[in-house]
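Encoded as structure tokens, the structure appears first; notes follow it.
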Amino acid sequence: MDIQTFMQGYKAAWEAREPSKFAALFHPDGKYHNTPFQIQTGHAQLTEYWKRVQLQEDVVLRFDVLASTPASGVAHWHVDYQVASEELFAIWARSTGTGLPARAPGDPLPRMVLDGVLQASFSDGLCGEAHIWWHSMPQPA
């Protein structure tokens, strides 16, 4: 596996909203740093973390590989999706530290935009460790 192959799998797993496809990209003890301070290790934790994508709809992910070697790589990624639950919207608000934006009762849930960078290392055809740095916001009207 290289960064191009990994990102194709990452895109497929996210757009299909399938946690097991995401976990399958990693070694059994693989690590995913979804923030600098949160790490999911092993297929069980990776799958559990990735379940949050099942609260998204109409996911579109694009990426560009920025650097690639046989053992590592860096990619810029951009994703947008429709928030499909109040639970996911609350998760997003807590993760940004900004709290929930003002919404009147009955207002539709927003479409979200995320932009980030992923750095990963590979061996034996799988990812050993991936780090992401990202930011998100509601898609401007």
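Sequential numbering from 1 along the given sequence is applied to the chain's residues. Below, all heavy atoms of this structure are taken into account, side chains as well, without hydrogens, waters or symmetry copies. Small disclaimer: the values here were computed from a predicted structure and weren't measured.
- Relative ring orientation between W14 and W50 is described as perpendicular, the plane-to-plane angle rising above 60° on a 0-90° scale split at 30° and 60°.
- Note that CZ of R17 is 14.5 Å distant from NZ of K51, once rounded to the nearest 0.5 Å.
- The closest side-chain heavy-atom distance from W133 to H131 is below 4.5 Å.
- Put simply, the side chain of T5 never gets that close to the backbone of M1: no donor and acceptor are under 3.5 Å apart.
- Annotation for L109 and A84: closest pair CD1-C, 4.0 Å, computed over non-hydrogen atoms.
- At distances below 3.5 Å, not a single donor-acceptor pair connects side-chain atoms of Q40 with backbone N or O atoms of G30.
- Of all non-hydrogen atoms in H43 and A23, the two that sit nearest each other are NE2-O, 3.1 Å.
- If you take CD on E48 and CZ on R52, they are separated by 9.5 Å, rounding to the nearest 0.5 Å.
- For S123, the side chain to side chain donor-acceptor pair (under 3.5 Å) test picks out H27, with sequence neighbours left out.
- Under the 3.5 Å distance criterion, the side-chain polar atoms of Q45 are matched with a main-chain donor or acceptor of T41.
- Contact between K11 and L61 at its shortest, heavy atoms only, is NZ-O, 2.7 Å.
- Under the 3.5 Å distance criterion, with hydrogens and angles disregarded, a donor-acceptor pair is assigned to the side chains of N34 and Y49.
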- Please test V83 against E57 for side-chain contact (heavy atoms from CB on, under 4.5 Å), starting from the C-alpha separation and ending with a verdict. CA-CA 6 Å; V83 176; E57 293 177 348; over 6 Å; no
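- Separation of atoms OG (S85) and CD (Q54) is listed at 11.0 Å; rounding is to 0.5 Å.
- Listed here is the closest heavy atom pair of K31 and I39: CB-CG2, 4.0 Å.
- Between L118 and Y10, the closest side-chain pair of non-hydrogen atoms falls below 4.5 Å.
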Tabulate below the donor-acceptor pairs under 3.5 Å that side-chain atoms of residues 62-75 make, not counting sequence neighbours, or state none.
{"unit_1": "R62", "atom_1": "NH2", "unit_2": "H78", "atom_2": "NE2", "d": "3.4"}
{"unit_1": "T69", "atom_1": "OG1", "unit_2": "A71", "atom_2": "N", "d": "3.3"}
{"unit_1": "T69", "atom_1": "OG1", "unit_2": "S72", "atom_2": "N", "d": "3.0"}
{"unit_1": "T69", "atom_1": "OG1", "unit_2": "S72", "atom_2": "O", "d": "3.4"}
{"unit_1": "T69", "atom_1": "OG1", "unit_2": "S72", "atom_2": "OG", "d": "3.0"}

- Should F22 and L46 be marked as a side-chain contact (heavy atoms from CB on, under 4.5 Å) after you check the CA-CA gap, both sets of side-chain angles, and the distance that decides it? CA-CA 7 Å; F22 170 70; L46 293 167; 3.9 Å; yes
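- For the pair V59 and V53, the minimum side-chain heavy-atom distance is 4.5 Å or more.
- Of the inter-residue distances, the one linking D2 atom CG with F122 atom CZ reads 7.0 Å to the nearest 0.5 angstrom.
- Checked options W77, F26, Y32; the residue passing with F6 is F26 (criterion: ring-ring contact (aromatic ring centres under 6.0 Å, His included)).
- Across all their heavy atoms, T47 and P19 have their closest contact at O-CB, 3.5 Å.
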- Start with the C-alpha gap between H33 and E129, add the side-chain angles, then the distance that decides, and say whether side-chain hydrogen bond (donor to acceptor under 3.5 Å, both in side chains) holds. CA-CA 8 Å; H33 301 253; E129 193 159 7; 2.5 Å; yes
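- Between D115 and H76, some side-chain heavy-atom pair lies under the 4.5 Å cut-off.
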